[in-house]
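All remarks here apply to the structure that follows.
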Amino acid sequence: MPATDLVAPVVLALAVILAGAKLGGHLAVRLGQPAVLGELVVGIALGNLDLFGITWFRGLAGDPTIGVLAQIGVVILLFQVGLESTVREMLRVGVPSLLVAVLGVVTPFALGWGVGAWMLPHESVYAHAFLGATLTATSVGITARVLADIGKSQTPEARVILGAAVIDDVLGLVILAVIGGVILGVDRGQPLSLAETGLVVGKAALFLFGALGLGVVLSPHLFALASRLRGPGVLLATALVVCFSFSYAAAAIGLAAIVGAYAAGLVLEDVHFREFAQRGERHLKDLIEPIASFLVPVFFVLMGLKVDLRAFARPDVLGLAALLIVAAIAGKQACALGAVGGGLDRLSIGIGMIPRGEVGLIFASIGATLTVGGQPVVGPAVFSAVVVMVVVTTLVTPPALAWSLSRRA
């Protein structure tokens, strides 16, 4: 088959996905919502056109090439999220942020597991654990955007929220890595034991903290060496080499590639790019943005394409979605109890930790790819319920946080 015959369907699919994503993102922003929400909703709409006899879009959900591009988009997205913070900033967040983050992981995880065990008694314990892991996520990008829009980015509550959200992501990724590693082991026929689970936990922690430590030490030397190279795109290429290398290393030891991508973003600091800036090159965040604008929407539209609205004709799926929403909100409100210190608005802190956004979707998508005994850990109906939870928590946060912070103005 000629190469053009293989490429043509892919480029057509990308044209449709990107056009729909940007239109949906525009409409969402006009309505005061994050663009990611519009991209997801467009995917849901396109994927369910088969209800009217149009089946082509549903087929995109299983296209392997589109799937690979979407997964690369996730890696780039987590790299971007990591670039927003540094290891040193994480170490300076203070006791309130650390307590909020820990409670913001433990409480939703327990509630999510409990909802799964109650509503899905016939599903495996791994499905229950994955629901818990999905609820641990916090979309720091969405909360940061809301805080900036209402001019509250420098308030004590904002600093606690953003610091806790970063630690929250790290702890959530460790949980994801552990659960994913255990599931992979079980699927390969390795018995689940305390020793095996401990090995996975140790491997995840060793990789994350080892990668951060080595990255902080080695990355300045790598970029100093790269700055001697001439030609366009050296800074971007070097950063992507770090990102993809960390991602491969994580995947090679049985962790999710996004764990490595996030770690790579955390270890890169502005000081590493000083030589590039002195010769007039743009900042790395600006250089990576066009790549993210291309690949990241592919992931969100693809996640929407996988949502089958017919699943919501089942009362059990609607009930699961409703309970997940309650657990998602309650779990993050509980984490506000960790906001020790005088004068902090605990309600605002709890609300700021609610949105699951892109991180929750990433966790759910990984669960949908893992199998035990040939069956996906997160089936289509459960995945659809999780997407509804992500949409609702993302929708309610901006107006609720704006109201909460303004009431003390």
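For Arg314 against Ala381, the heavy-atom pair with the smallest separation is NH1-CB, 3.6 Å. The shortest non-hydrogen separation linking Val307 to Asn48 is O-ND2, 2.9 Å. When all heavy atoms of Phe276 and Ala226 are compared, the closest pair comes out as CZ-C, 3.8 Å. Across all non-hydrogen atoms, the minimal contact from Val296 to Gly73 is CG2-O, 3.5 Å. Closest approach of Ala364 to Thr134, counting heavy atoms only: N-OG1, 4.1 Å.
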Going through the distances and angles, do Leu302 and Ile17 end up as a side-chain contact (heavy atoms from CB on, under 4.5 Å)?
CA-CA 8 Å; Leu302 187 63; Ile17 288 173; 6.0 Å; no

Step by step, would you call Ile66 with Leu14 a side-chain contact (heavy atoms from CB on, under 4.5 Å)?
CA-CA 8 Å; Ile66 300 298; Leu14 288 175; 4.1 Å; yes

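The CZ atom of Arg282 sits 10.5 Å away from atom CD of Glu289, with the distance rounded to the nearest 0.5 Å. Ser247 OG to Tyr262 OH: the interatomic distance, rounded to the nearest 0.5 Å, is 14.0 Å. Annotation: the span from Phe130 atom CZ to Leu135 atom CG amounts to 12.5 Å, rounded to 0.5 Å.
Inter-residue side-chain proximity for His128 and Glu123 is flagged as met; some heavy-atom pair is nearer than 4.5 Å. Proximity of Leu323 to Trp118: side-chain heavy atoms (C-beta onward) are separated by under 4.5 Å at one or more points.
With Lys285 contributing its side chain and Gln80 its backbone, the two residues share no donor-acceptor pair below 3.5 Å.
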